[in-house]
Colleague: 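Dropping the structure in here first, questions after.
Here is how names work: the chains are called A, B, and so on, in the same order as the sequence lines, proteins then strands, and each is numbered from 1.
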Amino acid sequence: MESTNDFPALCSAPQRDRHNQKRVILWSLAWAIAFLVVSFSIKREWLSAGWDVAAVLGTALFGIGTVVSYYRFLIETDELRRKIEVEALALVFGIGIVGGLTFWLLSELGIVSGKGFAFVFAAMILAHALGVIIGRRRYS
Amino acid sequence: VKNRLKVLRAERDWTQADLAERLDVSRQTINAIETGKYAPGLPLAFRISRLFQMPIEELFDFDDPNEQNHNPTRSVT
C-alpha cells in the first residue's frame, strides 16, 4: 500500500529493519538455546533412541527459522544496508571455506582436534560482525 | 557518480532524515549518496527522480572512464 505521494510511508526503513532484526535475534537465540540443550542432552545420554534424532531435527527447524528471518531482513532492508550485509557475507563465506578446509586438513594430520571446528564457526560470526562494521564505516 | 541531491534537499529545507523517510531508506543511505560514496540502484534513482520531479540525468552525473573509447565523434589516428 502506498501513500498519496506514491512513496511508501507506512513503515519507515529503520523501523522495518528494527522489526526484522528483532525477529532474526529471537530466532537465533532460540536456535542457540535449542542447540546447547540438545548437545548437552546427547552428551549426558538423557535422550533415548529416536528422541535424540527428533531433538536434532527440532533444533534444525529453529535454524531454518533463523535463515528465513535473515533472508527476509536482507530482502526488505534498505539497499545500502543490503550491500553492506552481502559484502560481510562474502567475507564470512571466504573464511568458512578457507578456514573450514584448512582446519579439516589439520585435523586429518592430527595437529588439531575435529571438535575445534567450533573455532571456525566463531570466526565466521566474528567475520560477519567485522564486515558489517567495516561496511558501515566505508559508507558513512 | 556526482549528484545534486544535497543542493535539492537544501532548497526544500529538508534534513537527511526527512529525505530518507520520503524515499523509504535509511539516513545513512542518503548521506552515502550525497557524499558520492554510494551510487543508488535504478529503483531508488527513479524514486529520487519522481520525488524531485526531475529526469535522472539532471540529478546524477556519471563520468564513464570508457566513454572516450566509445565516442564515435572522436577521430581515430
Side-chain angles (χ1 to χ4, degrees), chain A residues 1-28 68-94 126-140, chain B residues 1-70:
Chain A
M1 192 176 170
E2 290 187 341
S3 59
T4 48
N5 62 356
D6 289 336
F7 298 103
L10 281 177
C11 183
S12 67
Q15 270 181 328
R16 194 176 53 221
D17 275 3
R18 270 197 293 273
H19 175 74
N20 285 339
Q21 272 177 323
K22 208 181 282 179
R23 289 172 73 121
V24 174
I25 289 167
L26 287 175
W27 273 107
S28 307
V68 169
S69 63
Y70 181 68
Y71 181 76
R72 186 176 173 178
F73 161 73
L74 214 54
I75 293 295
E76 291 185 359
T77 193
D78 163 68
E79 63 175 61
L80 177 60
R81 186 73 198 272
R82 190 181 308 128
K83 185 178 168 67
I84 291 169
E85 286 286 333
V86 168
E87 284 173 2
L89 287 175
L91 192 63
V92 172
F93 182 75
L126 280 176
H128 179 260
L130 193 69
V132 170
I133 291 167
I134 291 168
R136 282 187 177 184
R137 284 178 70 100
R138 185 186 297 153
Y139 296 110
S140 63
Chain B
V1 178
K2 293 172 190 170
N3 65 78
R4 296 177 55 204
L5 216 58
K6 194 172 183 178
V7 175
L8 292 166
R9 178 174 62 78
E11 281 172 5
R12 284 154 183 81
D13 208 21
W14 291 343
T15 62
Q16 285 186 340
D18 292 335
L19 183 57
E21 199 181 330
R22 283 176 161 84
L23 293 169
D24 193 32
V25 295
S26 66
R27 197 194 60 78
Q28 188 191 9
T29 301
I30 299 300
N31 185 57
I33 294 170
E34 282 187 358
T35 52
K37 289 178 181 172
Y38 174 68
L42 265 181
L44 180 55
F46 274 108
R47 290 216 302 275
I48 295 169
S49 162
R50 283 164 67 191
L51 180 64
F52 290 112
Q53 295 180 321
M54 292 174 93
I56 288 175
E57 295 89 336
E58 282 184 33
L59 285 163
F60 298 97
D61 182 26
F62 178 52
D63 294 324
D64 189 352
N66 298 322
E67 205 167 84
Q68 273 190 329
N69 301 333
H70 299 294

Colleague: Might you confirm whether atom CZ of B:Arg27 has over 12 heavy atoms from other residues, nucleotides or ligands at distances under 6.0 Å?
Modeller: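 Open: at most 12 neighbouring heavy atoms sit under 6.0 Å from CZ of B:Arg27.
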Colleague: Minimum heavy-atom separation for B:Gln28 to A:Ile84, with atom names?
Modeller: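 Closest pair (atom of B:Gln28, atom of A:Ile84, distance): NE2-CD1, 4.1 Å.
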Colleague: Heavy atoms only: give me the nearest B:Leu23-B:Arg47 pair and the separation to one decimal.
Modeller: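 Taking B:Leu23 first and B:Arg47 second, the nearest heavy atoms are O-NH2, 2.7 Å.
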Colleague: Counting only heavy atoms not in B:Asp61, do more than 12 sit closer than 6.0 Å to its CG atom?
Modeller: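 Count over threshold, so yes.
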Colleague: Got B:Phe60 and B:Lys2 here, is their nearest side-chain heavy-atom distance under 4.5 Å?
Modeller: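 Side chain of B:Phe60 against side chain of B:Lys2, heavy atoms only: no contact under 4.5 Å found.
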Colleague: Identify the residues of residues 132-140 of chain A whose heavy atoms come closer than 4.5 Å to a heavy atom of chain B, ordered by number, or report 'none'.
Modeller: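 A:Arg136, A:Arg138, A:Tyr139, A:Ser140, listed by number.
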Colleague: Over 60° means perpendicular and under 30° means parallel, so tell me whether A:Tyr70 and A:His128 are parallel, tilted or perpendicular.
Modeller: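 Geometry flag for A:His128 against A:Tyr70: perpendicular rings.
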Colleague: Answer whether the closest heavy-atom distance between the side chains of B:Leu59 and B:Ser49 falls below 4.5 Å.
Modeller: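 Side-chain contact under 4.5 Å: yes.
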Colleague: Out of B:Thr35, B:Asn31, B:Leu44, B:Ile33, return the one with the most heavy atom pairs under 4.5 angstrom to chain A.
Modeller: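 If we count pairs closer than 4.5 Å to chain A, B:Leu44 comes out on top.
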Colleague: Can you tell which part of B:Pro43 gets under 4.5 Å to a heavy atom of chain A, answering side chain, backbone, both or neither?
Modeller: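 Nothing of B:Pro43, per the 4.5 Å heavy-atom cut-off to chain A.
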